[in-house]
J.: 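Got a structure for you, questions after.
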Amino acid sequence: MSGITLVNQVKASKFLSGVLQPVANAFVNAAGYRKLGLRYDDVLREETDIIREAVNRLPDNEGYERVYRMKVAFQYSLSHTIATKDNTLKPEDDVRYLTPIIDEVAAEFAEKEDFNNIKSYSK
Amino acid sequence: MLSISSARKTLNLVPTVLKAGYATAVSKTGNGVKVAAIDESSPTASVSLVINAGSRFEPKDKAGIAHFVKNFGFKNNGKRSAFRIARETELVGGVLSSNLGRENVTFTAECLKEDVPYFVEVFGDLVAQTKFAEHEFHGVAHEVASEVSYAESSPEITVIEAAHNAAFRNGLGNSVFATPYAEISISDLKKFAADNFVANKIALVATGVSEAELKNLANTAFSHVAAGSDAKAEGSKYYGGDVRVAQNTEAGHVAVAFQGAAAGTPEFYTAQVLRSLLGGDRFVKWSTAGVSPLSAAAGKIGHGAQISAFNFGYSDAGLFGAAAKSVSADEFKRALAQAKFETAARYETRVASTEILAAQAFQGQKVSVSESLAAFDNVSAADVSKFAAKLLSSKPTTVVLGRTSELPYGDALF
């Protein structure tokens with residue numbers, strides 16, 4: 001969310017991405033959320049104003065799919081199992097579907113703060 | 001003209017759209033947007049975006065879509081969010097409003113002269129890049145629903161809408177208000193906007209700006225608007241008919257209408273004269289002097305009766321008639337006959353036309369520039385009676401609202 005990031009530099013440099021991308025992939029696999037059938041954006045903590053508003057703005061079908069994935073994950077959790085190799089979420093399905101909406105909402109909140117703190121002066 | 005207005009009433013007596021008639025010249029931008037400016041000497045200015053996308057242009061299965069489009073004015077667009085537009089308008093001290101009629105949807109900004117460029121830019125963005133976001137749609141749908149319920153609770157509005165519907169069926173007969181049954185989705189809105197927000201259907205009218213400056217601003221702001229096809233709108237046809245609306249109102253409402261004259265034609269001025277003469281508005285309260293026939297008749301009937309004449313003119317058709325409240329069939333018939341008789345007698349001298357104009361302006365009624373004395377000079381008493389005869393020869397449209405089992409049928413009135 002905030003903080004210093006070198007993402008753009010890494011992606012631009014072929015050498016750096018060649019070295020760091022496999023490390024990143026291994027990290028994501030080790031994190032294990034894909035083995036519960038979840039996408040990265042399903043795991044984001046939704047108890048904040050921004051993300052709650054973003055989830056509200058999801059198109060209907062995406063909202064239902066999100067709920068379904070969470071139900072499946074909860075069922076895995078209850079039964080103390082994880083998905084088999086076939087059912088594990090494929091990397092190409094791990095779409096960041098919520099992040100663009102979060103960025104939009106965050107920009108709107110920031111704009112509101114700016115306008116609330118505007119300093120006006122007479123010419 | 002019946003129209004829905006959001007935002008507080010403007011202080012202008014003359015609607016900006018009609019003010020365009022005062023402009024000495026109407027020019028066009030590069031891609032065909034019409035531009036009209038009136039350089040008034042007041043410190044405030046107003047800018048209006050008039051789009052030829054009223055309820056007349058709704059597709060058959062999307063009744064009410066124009067109402068949604070009107071409420072989507074000033075919402076998120078590509079350059080500014082709705083919040084930012086509202087806050088920036090507040091900061092410069094402007095007033096935004098939107099208005100929907102049968103032929104045009106109008107978005108207006110009243111501001112100081114120095115802020116006109118800002119609002120012209122906002123209008124350019126409104127036309128070219130309104131986002132029509134899904135999450136805004138729910139809020140807009142709520143607004144539309146509340147305006148519709150207000151209209152449904154007003155018998156006067158229902159009567160006029162029903163009269164138009166019976167008279168013109170589709171096109172001008174479409175209701176200005178959304179219907180409860182049409183299923184409008186956000187993609188329908190995007191398509192309606194894409195079809196209708198085109199350069200040849202848009203006009204920019206401003207007061208307090210010079211013609212040259214406004215044209216300059218419009219050229220920049222509307223540069224990304226598509227040119228639009230030259231397809232002509234379907235012509236209006238007058239049908240006439242009877243409408244009976246059963247409602248639990250104590251006062252019965254009856255309206256009778258005939259095929260009127262299109263706005264701007266010489267016949268339309270005749271119709272305006274006839275309407276003023278028939279009247280129904282008391283110019284001076286509790287006075288019997290200069291009281292029009294219809295209001296005199298209403299006064300005589302008593303028990304809260306009101307009768308007034310209306311004259312709606314559109315680009316290629318019109319509707320002329322009278323609406324009455326709390327009046328029995330016989331009383332209404334007698335009032336109309338009396339009015340016909342007196343009308344011919346009253347319209348004798350030029351003094352009468354001056355009175356009419358003065359009264360209209362004083363009452364804050366809409367005075368079109370065409371209602372200048374010169375236009376009225378061309379209307380003679382013979383024209384008025386000829387027009388009245390022509391009116392009665394068209395098939396009447398009658399609307400009856402209230403306890404319909406107790407109210408008369410159309411052919412009982414004529």
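Here is how names work: the chains are called A, B, and so on, in the same order as the sequence lines, proteins then strands, and each is numbered from 1.
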J.: Using the salt bridge (Lys or Arg N to Asp or Glu O under 4.0 Å) criterion, which residues pair with B:Lys201? Sequence neighbours excluded.
T.: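 Not a single residue meets the salt bridge (Lys or Arg N to Asp or Glu O under 4.0 Å) criterion with B:Lys201.
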J.: With a sphere of 6.0 Å drawn around OH of A:Tyr97, does it hold more than 12 non-hydrogen atoms of other residues, nucleotides or ligands?
T.: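 Check passes, neighbour count above 12.
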J.: Tell me whether the count of non-hydrogen atoms from other residues, nucleotides or ligands lying under 6.0 Å of NZ in A:Lys112 goes above 12.
T.: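 At most 12 heavy atoms, drawn from other residues, nucleotides or ligands, come within 6.0 Å of this atom.
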J.: Counting only heavy atoms not in B:Glu183, do more than 12 sit closer than 6.0 Å to its CD atom?
T.: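 No, the 6.0 Å shell around CD holds no more than 12 heavy atoms from other groups.
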J.: Could you work out, with side chain to side chain contact (heavy atoms under 4.5 Å, CB included) as the rule, every residue matching B:Val69, not counting sequence neighbours?
T.: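 Partners of B:Val69 by the side chain to side chain contact (heavy atoms under 4.5 Å, CB included) criterion, ordered by chain and then number, come out as B:Leu189, B:Phe192, B:Phe197.
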J.: If I take atom CD from residue A:Glu53 and atom NE2 from residue B:His135, how far apart are they, to the nearest 0.5 angstrom?
T.: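 A:Glu53 CD to B:His135 NE2: 7.0 Å, rounded to 0.5 Å.
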J.: Check this for me: B:Phe83, atom CZ, are more than 12 non-hydrogen atoms of other residues, nucleotides or ligands nearer than 6.0 Å?
T.: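 Enclosed.
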J.: Pull out the residues in residues 23-32 of chain A that come under 4.5 Å of chain B, heavy atom to heavy atom, sorted by number.
T.: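 The stretch does not come within 4.5 Å of chain B.
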J.: Can you list the residues that meet the ring pair (Phe, Tyr, Trp, His ring centres under 6.0 Å) rule with B:Phe68, with sequence neighbours excluded?
T.: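 Once residues adjacent in sequence are excluded, the partners of B:Phe68 under the ring pair (Phe, Tyr, Trp, His ring centres under 6.0 Å) criterion are B:Phe137.
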J.: Heavy-atom distances under 4.5 Å only: say whether A:Asn116 touches chain B with side chain, backbone, both or neither.
T.: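 Contact with chain B involves both backbone and side-chain atoms of A:Asn116.
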J.: If you count every heavy atom of other residues, nucleotides or ligands that lies below 6.0 Å from A:Lys11 atom NZ, does the total exceed 12?
T.: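 No - once you tally the heavy atoms of other residues, nucleotides and ligands closer than 6.0 Å, there are 12 at most.
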J.: Without hydrogens or angle criteria, can the side chains of A:Glu108 and B:Ser81 be said to hold a donor-acceptor pair below 3.5 Å?
T.: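 No, because no side-chain N or O of A:Glu108 sits under 3.5 Å from a partner of the opposite role on B:Ser81.
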J.: With side chains defined as the heavy atoms from C-beta onward, is the minimum distance between A:Arg57 and B:Glu134 less than 4.5 Å?
T.: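 When only atoms from C-beta onward are counted, B:Glu134 and A:Arg57 do not touch, as no gap falls below 4.5 Å.
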